[in-house]
Amino acid sequence: MSTEISGSVPVIVWFRDDLRLADHPALDAAVTSGQPVLCLFVLEEDTERRPLGGASRWWLDKSLASLDRDLNRLGGQLILRRGDPRRILPEVAASVGATALHFNRRYDQAGSDVDDTLTAMLRQRGVAVVSHAAWLLFEPGAIQTKTGGPFRVFTPFWRAHRPHLAPKAQLRRRPETIAFFKTAVASEPLASFDLHPTRPDWSAGLAESWTPGEAGAKARLVAFLDDGLSRYAAERDVPAAGASSRLSPHLRFGEIAVARVAHEVMKAQDSGSTPVEAAEKFLAEVGWREFAWHLLSVFPDLATRNFQTGFERFAWQEDAVALSAWTTGHTGYPIVDAGMRELWQTGSMHNRVRMITASFLVKHLLIHWRLGEQWFWDTLVDADLASNPFGWQWVAGTGADAAPYFRVFNPITQGEKFDPGGGYVRRFVPELAQLPDRLLHRPWEAPPLLRPDPLLYPPPIVDHDEGRKRALAAFAERR
DNA sequence: TAAATATTTAG
DNA sequence: TAAATATTT
């Protein structure tokens, strides 16, 4: 499989959030250069980049192992290093005499700052540095409003971008063979990164729910195209229906290219196997990811500062007890608690339920969206630098194209509407499993004999009607 | 990607 | 008088 080119100088492919071999522009460019390829990953430390959360660290561990195995099969390996890339990359490049570096671009401020500095350093030393577009369907800022500014509302953003999407865009096939650089290069053992949780190891539920790595990503896309996409328009909002793509963590770590996902969905639509409405609904969800990254590129502080001005002095409540009831899934609202427990157990949460649980924290409890964002950041396997803060600000009403302040999700009616059969709540809140459907989302109304023991399942920590009125008053006041 | 409430309409 | 529709928050 592998071809040695002895005496040749290598090119480096720096893997980051693109842990795959297929549809990988940087790898493709390196392979087609004809020079031997050195594949490198750097666990970034000592930079300004936001440290990964626990669930993301677990996923990264498995994904790196998977990529290394895939490279092994082609006769190569993934060189692992840790530290500041601005120190590591020049060191590795010098030690092997690399003449070129290829990587796929990233769009967060801290990451692109690192890349810019590094690019200048290496070019000064005669190393060609080439960055490639792979993370998004559209480069941020490439399409602007008619007045030449950045889009701030999703609908016009997507209306301007969607027509430019076409099958086959941006795709490179997986290389059949790779000529690897064969000289030994120092690599640290993956285990030394200490990415897998210990004492305690809480990852069993994640392992049951997910298969990190490129093969797992591909299998997930195939499964979604086979069962999910065609009923996506009707059932994507029903957490028990299983119509979600579940591709988000695979996209987060770049185990599959977003261009490949969009391509296959458009192909399914063209072939007539998928209703146009279903395909468009799904593509629009990918569009929200695009929009979030577009927004982060014009507002780098998305994770820390309110996008909408006027919230600086908002009277967020400090309530450690309520926050803890929320994180552990003991608010007394079944749909909220099911969501928070799904997150804790599986490292993910259905999109509809993310909105409900986020709304509950921000509106009913008046707790700062940033605390919720941080909890999600730590517990989600798909925690994304742009999508996560974007979503939180959207719900809180502080973001771009945000939900209006008076939009307060009703956890009772949302539960009844989107989990009418109770399959979702019964799965994650088993202490309510015996309640009939009509009481499942309002257990406090059950007759005493049926009502759950308050020690086993608590009554609501805040009355919905009171919480709603309090939120409306607080949010109306800041206007 | 909302909910609550007021108002109108159908029967 | 329930259901559909409009308005307000």
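A, B, ... follow the sequence lines: proteins, then strands. Residue 1 opens every chain. What you see below is based on every heavy atom in this structure, not just the backbone, and it leaves out hydrogens, waters and symmetry mates.
- Pairing analysis of DNA chain B (Watson-Crick: purine N1 to pyrimidine N3 plus N6-O4 or O6-N4; G-U wobble: N1-O2 and O6-N3; both under 3.5 Å) yields stems of 3 or more pairs at B:2-10 with C:1-9.
- In this structure, the ring of A/Tyr232 has its center less than 6.0 angstrom from the ring center of A/Phe224.
- Sequence neighbours left out, the pairs with a member in residues 202-223 of chain A that pass ring pair (Phe, Tyr, Trp, His ring centres under 6.0 Å) are A/Trp59-A/Trp210.
- If you check every strand for non-hydrogen atoms under 4.0 Å, A/Thr413 touches sugar and phosphate atoms only.
- Among residues two or more places apart in sequence or in another chain, the side chain to side chain donor-acceptor pair (under 3.5 Å) test is passed with A/Glu214 by none.
- Residues meeting the side chain to side chain donor-acceptor pair (under 3.5 Å) test with A/Arg246, sequence neighbours left out: none.
- For A/Tyr424 and A/His350, the distance between ring centers is not under 6.0 angstrom.
- Within the structure, every pair that satisfies the ring pair (Phe, Tyr, Trp, His ring centres under 6.0 Å) test and touches residues 451-471 of chain A, not counting sequence neighbours, is listed here: A/His364-A/His464.
- Between A/Phe299 and A/Phe307, the distance separating the two ring centers is shorter than 6.0 angstrom.
- Scanning DNA chain B 5' to 3' for nucleotides with an atom closer than 4.0 angstrom to a non-hydrogen atom of chain A gives a first and last hit of B/dT1 to B/dA4.
- Both tests pass for A/Arg352 against the ring of A/Phe418: distance under 6.0 Å to the centre and angle within 45° of the axis.
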